[in-house]
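Worksheet for the structure shown next.
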Amino acid sequence: MKYTEIAVVGGGPAGLSAAITAAKYGAKVTVIERNNSLGGQLRKQTHKFFGSQKQYASVRGIEIADILESQLREYNDNVEILNGATVLGLYEDGVLTIEMKDRYIKLKPDRIIVATGAYEKFLSFPNNDLPGIYGAGAVQTLMNQYGVKPGRNVLMVGAGNIGLIVSYQLMQAGVNVKAVIDAAPKIGGYLVHASKIRRLGVPILTSYTIKEAHGKDWVEGATICKLDENWQMISGTEIDIDVDIICISVGLTPLADLLWQIGCEMKYIPELGGHVPIRDENLETSKKGIYIAGDVAGIEEASSAMVEGRLAGLCAANSLGYIIEDFEEEKQDLIEQLDSLRAGPTGEKILNGLEKVTKVIAGRYGYVD
Amino acid sequence: MLIKTGVPDIEDIMEITPPKRRREKGPVAVIECFQRIPCNPCYTACRFGAIKEFEDINDRPKIDYDKCTGCGLCLTVCPGLAIFIVDESYSEKEALVKIPYEFLPLPEEGSFVIGLNREGKPVCRAQVKKVQKMKNKTNIVTLVVPKERSMDVRSFSMKDYDDENTIICRCEGITLGEVRKLIQEGYRTVDEIKRISRAGMGPCQGRTCRQLIMQEIAKFTGQKMEDMLMPTFRPPTKPIKLGIIAGGESDE
Amino acid sequence: MRIDNHPILDFKRGKEIRFIYDGKEMVGYEGDTIASALHAAGVRVLGYHHKTGRARGFYCAIGNCSSCLMTVNGKPNVRVCVEELKEGMVVETQRGKGELK
């Protein structure tokens, strides 16, 4: 059995930020990452980030991954990185079991920061299992990590930020995007992303859904259909589109298996993408010593994931007794950064979701029924 | 409607259009950021204090056109690629538009491209004035566009590369590229193009190419097809043996 | 289907890696997964479902959905979207659930 002070599960934007912060204040940190590289989904984000300088605004995601990785390496004495390592289980006694390159490892940490991110939601329609129907993340991975084009002509299902960004990236890779459709009557992603692909001639069709995919062994086409105000298909509005790839980008949901295993209190909050852990302002869950950061805590942008990571790392290190002189100030600054990132209309949904979390916590102390 | 299609309405555009006087004075930033999102690099990048400080990071940028020099720093940092530089002082009839561009291949300086509007529709022909390769890989392409298109052209297509392979006049073998170049050089009627290039003087007498050439001129000048000058029509209407005419009218 | 010129990314392809796919010799590059190398070669159908017999390709490409199971070096049920491509690998389309040997 191995020991460590803080185990960080996941080496994406949230996990790396948590590890950097905790290690900076002296804590011994073990980062467990299933990929052979660090950075998680940042490694595929070729676009410049939003936010402010504190969250690396205007820097491309791929470069932020390098920045975070090199920051982490500065604290080499305090940091152990397990790459190619997947956490299999989290048990009552606080032990993590890990598979690392066909080896089985047990790790007993004093604190755990779960930063496992999210997975892609799926959609039900006839033939949705045909090869050539890929998650938007998969297409990003294939193109931006391995340099492989997914196909020739793409239908993008979903006009949230990921759908819009991946459409743009497909065009950068030389792939034709035939249309972006979304069942909602409005574009969900940032409008600047929408305008970017629009002015290249890609139609964005809101109130449209995919009716079915065609093909025998792989995708040979798709039929899309207009929806009425009640989200019902309007017959006669079907359009056949000649595509060999259908890309599904209908949102993410927290990858919270470990939190369920250990029995953290979870609540279904659709605004945050599904079941999320109840946590306090230090990002500590209902299980003492288990913290969370990033998409596993609720689906948001990578900018806020990084700030949450820093907050979880700070609080976990503080709880271990590491002396952090400006602790309250630091914490306040991070909380303010999160508040400001969520202050606009695009953050409204997140705030509504977080309010539901707060109500649960408040209820526990008898402030609310 | 922007929120439904990604294309801003005319009201949206009016709101962010710098005054005509300012546009004609020299380069100025046009910030097409219509939604409150948490993002402020344009403000932090501006060295002239032209973009006012954000009270809330979600604020939309407010620009002081008198302070803006049109330097383009904000254009390269904007994560939304939503900033353009427009300069209507360029020449009497033409304006410059700087466009952030993250695609390959980059166009060649001096080459002609098709200016696209916010819907990706072709609106004019544009010449590439300058291509600036930036360290952050958001490169800047400066286009020369007809002045009335300066608030319209926001992207471009290099389909012109295929123009040399696109035949407009099949009788004389004149390509789309040649026709476009002539229009750009100032030949603006079918007759002028016919005389300089022979397009339309072959056996078909312009029946294949006339309409196509007129469309190209209309696209470039913004003229309506109904207002365009038709070429001069002369006999014969079909290829005939010279001898038929040379022999004179036959006696019945 | 490889991307050669990219406006943002610089793909440094590693050395060529030879492998066998259903008896055919194929080439990928160092840094590829089995799935990325196959996809680059135009192979999208990775297997057939053990019950329905329907064609299967990957969906998530990051090891979540387990839709990309193939037999690799005789070992069934390998998630090829996250399995690093190695020289001389023998990759086979899987039918059925795979056998214990």
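Atoms considered below: every heavy atom in the structure, side chains included; atoms not considered: hydrogens, waters and symmetry mates.
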Exercise for the section: Counting only heavy atoms closer than 4.5 Å, note whether I62(C) contacts chain A via side chain, backbone, both or neither. Expected result: both
Handout entry: Qualifying residue for side chain to side chain contact (heavy atoms under 4.5 Å, CB included) with L69(C), from V80(C), N77(C), V78(C)
Key = N77(C)
Fill in the blank from the handout: By ring pair (Phe, Tyr, Trp, His ring centres under 6.0 Å), Y59(C) pairs with (sequence neighbours left out) F122(A)
Problem - Under 4.5 Å from any heavy atom of chain C - which part of I248(A) - result: both
Completion exercise
Distance col, row E83(C):CD vs N73(C):CG, nearest 0.5 angstrom, shows 9.0 Å
Handout entry: Criterion side chain to side chain contact (heavy atoms under 4.5 Å, CB included) on I62(A) and D66(A), from CA distance to verdict
Key = CA-CA 7 Å; I62(A) 36 172; D66(A) 287 337; 6.0 Å; no
Handout entry: Donor-acceptor pair between D295(A) and Q41(A) side chains, under 3.5 angstrom
Key = no
Fill in the blank from the handout: If one checks every heavy atom of V175(A) against chain C at 4.5 Å, the contacting part turns out to be neither
Practice task
Determine whether the side chains of N127(A) and R54(C) contain a donor N or O and an acceptor N or O closer than 3.5 Å.
Solution key: yes
Problem - Donor + acceptor pair across side chains of K121(A), T253(A) (<3.5 Å) - result: no
Fill in the blank from the handout: Taking a cut-off of under 4.5 angstrom between non-hydrogen atoms, the residues of residues 11-31 of chain C near chain A are F11(C), R13(C), G31(C)
Exercise for the section: Heavy-atom distances under 4.5 Å only: say whether K48(A) touches chain C with side chain, backbone, both or neither. Expected result: neither
